[in-house]
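The block underneath contains the structure these notes are about, expressed in structure tokens.
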Amino acid sequence: METLLRYFPDLTAAQRERFAVLDEAYRTWNERINVISRKDIDRLYPHHVLHSLAIAKVCALRPGARVMDVGCGGGFPGIPLAILFPEARFTLVDSIGKKIRVVDEVIRATGLNNVRTVHGRAEQVGGRFDFVVSRAVTEMKTFIGWVWDKIDRGEAAGTLPNGILYLKGGDLRDELQAAGKPYRTYEIADFFDGEFFETKKVVYFGR
């Protein structure tokens with residue numbers, strides 16, 4: 001939490017409480033259903049919560065923004081973003097039912113009322129979205145194929161025009177070239193200190 005507050009000092013009391021609840025909630029459920037590696041659970045805030053919130057350093061979501069998190073796993077990046085942007089609306093999607101169960105329990109523990117979950121594949125999700133977020137679920141060309149037609153054009157939902165905000169690390173040059181869409185990359189190390197973030201990026205594809 002100290003690391004989180006260092007980079008987001010203006011959190012409300014309600015947001016601080018919800019972020020604080022994540023530690024116990026994930027420790028409890030990770031013992032039953034492993035969604036975070038055992039060695040990584042002690043690094044929940046820098047490696048999962050703060051990493052998710054790198055998206056917020058790139059694009060602030062406005063009230064009413066419709067966001068889909070595809071392949072959310074244990075709820076990242078969707079849950080931290082939903083806490084930070086309580087007036088945006090989030091749909092968290094994963095094809096693995098036990099992961100969605102953990103997400104549902106974390107939502108219950110935090111009292112979030114701006115999140116719904118879907119057990120299924122992104123292609124099967126109905127509705128339209130302003131932004132799609134994700135954390136390295138597949139190659140970006142494949143990911144774009146799953147979600148591109150679900151994103152409405154627009155510029156009112158965030159500080160960037162509608163599109164995809166994708167967390168991924170490493171050398172992405174070949175993958176980005178193959179994606180076939182204009183993009184921007186943002187180095188997470190420009191926002192947060194630490195070796196963990198040195199090769200990690202937020203990739204943005206504008207709709």
Side-chain angles (χ1 to χ4, degrees), residues 1-30 35-36 40-94 99-118 129-135 156-160 162-167 186-194 196-197 200-202 204:
M1 277 294 293
E2 289 179 7
T3 302
L4 185 62
L5 292 172
R6 176 183 170 193
Y7 296 107
F8 294 91
D10 298 327
L11 295 176
T12 66
Q15 288 170 324
R16 292 181 186 215
E17 184 177 347
R18 282 175 166 155
F19 278 123
V21 165
L22 294 181
D23 185 68
E24 181 179 354
Y26 277 110
R27 286 182 186 276
T28 298
W29 280 96
N30 214 53
V35 293
I36 297 172
D40 222 25
I41 194 69
D42 289 334
R43 302 182 182 93
L44 175 72
Y45 287 98
H47 287 193
H48 299 279
V49 178
L50 197 60
H51 187 208
S52 298
L53 294 178
I55 287 173
K57 292 293 189 181
V58 170
C59 179
L61 300 172
R62 295 184 175 130
R66 303 162 298 169
V67 184
M68 178 167 63
D69 177 359
V70 174
C72 67
F76 304 102
I79 294 261
L81 290 171
I83 294 173
L84 192 66
F85 299 110
E87 294 183 328
R89 294 173 289 160
F90 290 82
T91 300
L92 273 59
V93 182
D94 204 284
K99 293 183 178 181
I100 288 294
R101 183 185 175 195
V102 173
V103 175
D104 285 336
E105 294 298 335
V106 173
I107 290 168
R108 189 172 294 113
T110 54
L112 285 168
N113 59 11
N114 61 332
V115 184
R116 72 180 182 111
T117 59
V118 175
F129 300 91
D130 301 304
F131 292 98
V132 175
V133 300
S134 191
R135 187 165 70 156
T159 52
L160 289 173
N162 293 3
I164 294 170
L165 292 156
Y166 201 77
L167 294 165
Y186 301 83
E187 301 290 335
I188 297 179
D190 290 341
F191 310 129
F192 307 138
D193 295 331
F196 175 75
F197 296 113
K200 292 182 168 51
K201 300 171 179 63
V202 180
Y204 166 68

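Note that the structure is predicted; figures quoted are calculated from it, not measured.
- Using a 4.5 Å heavy-atom threshold, the side chains of Leu44 and Phe76 count as touching.
- Ring to ring, Phe192 and Tyr7 are close: their centroids are under 6.0 angstrom apart.
- Contact check for Phe90 versus Asn114: side-chain heavy atoms found under the 4.5 Å cut-off.
- Once rounded to the nearest 0.5 Å, the distance linking CD1 of Ile188 with CG of Asp193 reads 13.0 Å.
- Side-chain atoms of Leu50 and Phe8, non-hydrogen and from C-beta on, do get closer than 4.5 Å to each other.
- Remark: side-chain polar atoms of Tyr45 are paired, donor with acceptor, to backbone N or O of Phe19 under 3.5 angstrom.
- A heavy-atom distance below 4.5 Å is found between the side chains of Leu84 and Leu11.
- Heavy atoms from other residues, nucleotides or ligands lying under 6.0 Å from CD of Glu187 number more than 12.
- Taking the six-membered ring for Trp and thresholds of 30 and 60 degrees, Phe196 and His51 have ring planes more than 60 degrees apart, a perpendicular arrangement.
- Sequence neighbours left out, the pairs with a member in residues 48-70 that pass salt bridge (Lys or Arg N to Asp or Glu O under 4.0 Å) are Arg66-Asp130, Arg66-Asp152.
- At a threshold of 4.5 Å between non-hydrogen side-chain atoms, the residues Leu81 and Leu53 count as touching.
- For Arg18 (side chain) and Thr110 (main-chain N/O), a donor-acceptor pair under 3.5 Å exists by modelled atom type.
- Here the rule is side chain to side chain contact (heavy atoms under 4.5 Å, CB included) with Val133, and of Ser52, Pro77, Cys72 only Pro77 fits it.
- In this structure a side-chain-to-backbone donor-acceptor pair under 3.5 Å is present from Ser134 to Val70.
- Using a cutoff of 4.0 Å between basic side-chain nitrogens and carboxylate oxygens, Asp42 and Arg27 are scored as salt-bridged.
- Put simply, the side chain of Glu87 never gets that close to the backbone of Gly64: no donor and acceptor are under 3.5 Å apart.
- Electrostatic pairing of Arg108 and Asp104 does not count as a salt bridge here, judged by no charged N lying under 4.0 Å from a carboxylate O.
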